[in-house]
Amino acid sequence: MSDRSRISQSWLALVNSGSIRYQGLPAAVVPIADDGAWDELFAAAGAPAVPFWLCGFSFNWATGVVAENSLLIDLGFGGVDGAAIAAATVLLTNWPVTMTAGAAAVGPDTHPPQMLPFPIRIPAASRMAARIASSPTGTLAFTDFRVILATAVGS
């Protein structure tokens, strides 16, 4: 049996055990401008006090996008607490997020969360930061950005 198969089976067993607790952090709105600068999602003190797993992220932008947009997202953990400070360990580099144009008059706009194929373990009390690394087409800022985490894995 391959390592990948063992990991998949272990993760599935934990999911089926009911031991995993998912949460979105930060609780407050964190906007991310399309400027290449890092934005702190939460400081180390605001992170889970136990090791946690990055499972994905969610985002929102203002309604009424009038052009096609392609954004490349960087996301990571660690580094000194504070705004505009890069993550010490970058987990996602140039993760593509694309959207098509749509008028606000059309109605509500929903954005499905971006889920990773496999969760990534992060040490307890680790600060997290993200940025729009570049925008190959269009320019669009996120009005809200959160990571989707799992804790209590295997507890």
Side-chain angles (χ1 to χ4, degrees), residues 7-8 11 14-15 19-153:
I7 291 168
S8 294
W11 182 253
L14 290 170
V15 169
S19 295
I20 297 175
R21 302 294 178 261
Y22 290 101
Q23 63 179 315
L25 283 178
V29 171
V30 173
I32 298 181
D34 185 8
D35 59 4
W38 286 89
D39 293 285
E40 183 173 79
L41 300 176
F42 51 84
V50 296
F52 54 98
W53 299 76
L54 174 65
C55 299
F57 62 90
S58 66
F59 54 89
N60 197 12
W61 57 82
T63 59
V65 175
V66 296
E68 305 300 314
N69 288 270
S70 178
L71 306 174
L72 301 177
I73 309 306
D74 290 352
L75 176 63
F77 70 91
V80 178
D81 285 347
I85 297 174
T89 302
V90 179
L91 302 172
L92 302 181
T93 303
N94 292 333
W95 185 278
V97 171
T98 59
M99 60 225 61
T100 58
V106 173
D109 188 10
T110 61
H111 319 106
Q114 301 286 303
M115 301 305 287
L116 303 179
F118 291 95
I120 302 170
R121 189 174 191 273
I122 299 174
S126 292
R127 160 196 188 266
M128 291 199 76
R131 71 177 180 165
I132 298 173
S134 68
S135 49
T137 59
T139 56
L140 186 66
F142 291 131
T143 56
D144 187 5
F145 192 94
R146 287 181 176 81
V147 288
I148 300 167
L149 307 175
T151 57
V153 177

Practice problem: Verify whether the ring centers belonging to Phe59 and Phe145 lie closer than 6.0 Å. | Solution: no
Quiz item: Is there side-chain contact between Arg146 and Leu41, with at least one heavy-atom pair below 4.5 Å?
Solution: no
Quiz item: Any idea which heavy atoms bring Trp38 and Ala129 closest together, and the distance?
Solution: CZ3-O, 3.5 Å
Quiz item: Which heavy-atom pair separates Ala124 from Ala49 by the least distance, and what is that distance?
Solution: CB-O, 3.3 Å
Self-check item: Shortest non-hydrogen contact from Leu25 toward Gly46
Solution: CD1-O, 4.2 Å
Quiz prompt | Beyond-backbone contact of Ile148 with Pro113, side-chain heavy atoms, under 4.5 angstrom | solution = yes
Quiz item: Can you name the side-chain hydrogen bond (donor to acceptor under 3.5 Å, both in side chains) partners of Asp35, sequence neighbours left out?
Solution: none
Self-check item: Closest non-hydrogen atom pair, Thr98 against Ser70
Solution: CG2-OG, 3.6 Å
Quiz item: If we only count heavy atoms from C-beta on, is the Leu149 to Pro48 side-chain gap below 4.5 Å?
Solution: yes
Self-check item: Qualifying residues under side-chain hydrogen bond (donor to acceptor under 3.5 Å, both in side chains), relative to Asp39, sequence neighbours excluded
Solution: none
Practice problem: Would you sort out whether Ile120 and Trp53 count as a side-chain contact (heavy atoms from CB on, under 4.5 Å), showing the intermediate values? | Solution: CA-CA 5 Å; Ile120 302 170; Trp53 299 76; 5.8 Å; no
Mind listing the side-chain donor-acceptor pairs of residues 71-92 below 3.5 Å, one per line with the distance, residues two or more places apart or on another chain?
residue: Asp74; atom: OD1; partner: Asn94; partner atom: N; Å: 2.8
residue: Asp74; atom: OD2; partner: Arg131; partner atom: NE; Å: 3.0
residue: Asp74; atom: OD2; partner: Arg131; partner atom: NH2; Å: 2.9
residue: Asp81; atom: OD1; partner: Ala44; partner atom: N; Å: 3.1

Practice problem: Determine whether Arg127 and Phe42 make a side-chain contact, defined as any pair of heavy atoms from C-beta on separated by less than 4.5 Å. | Solution: no
Exercise. May I ask you to test the Leu116-Phe118 pair for a side-chain heavy-atom distance under 4.5 Å?
Key: no
Quiz item: Are Thr143 and Pro31 close enough that some pair of their side-chain heavy atoms sits under 4.5 Å apart?
Solution: no
Quiz item: At their closest point, which heavy atom of Ser134 faces which heavy atom of Asp34, and how far apart are they?
Solution: C-OD1, 4.4 Å
Self-check item: Beyond-backbone contact of Ser58 with Gln114, side-chain heavy atoms, under 4.5 angstrom
Solution: no
Exercise. Could you walk me through whether Glu40 and Val30 pass the side-chain contact (heavy atoms from CB on, under 4.5 Å) test, one step at a time?
Key: CA-CA 8 Å; Glu40 183 173 79; Val30 173; over 6 Å; no
Self-check item: Phe52 to Ala47 - nearest heavy-atom pair and separation
Solution: CE2-CB, 4.3 Å
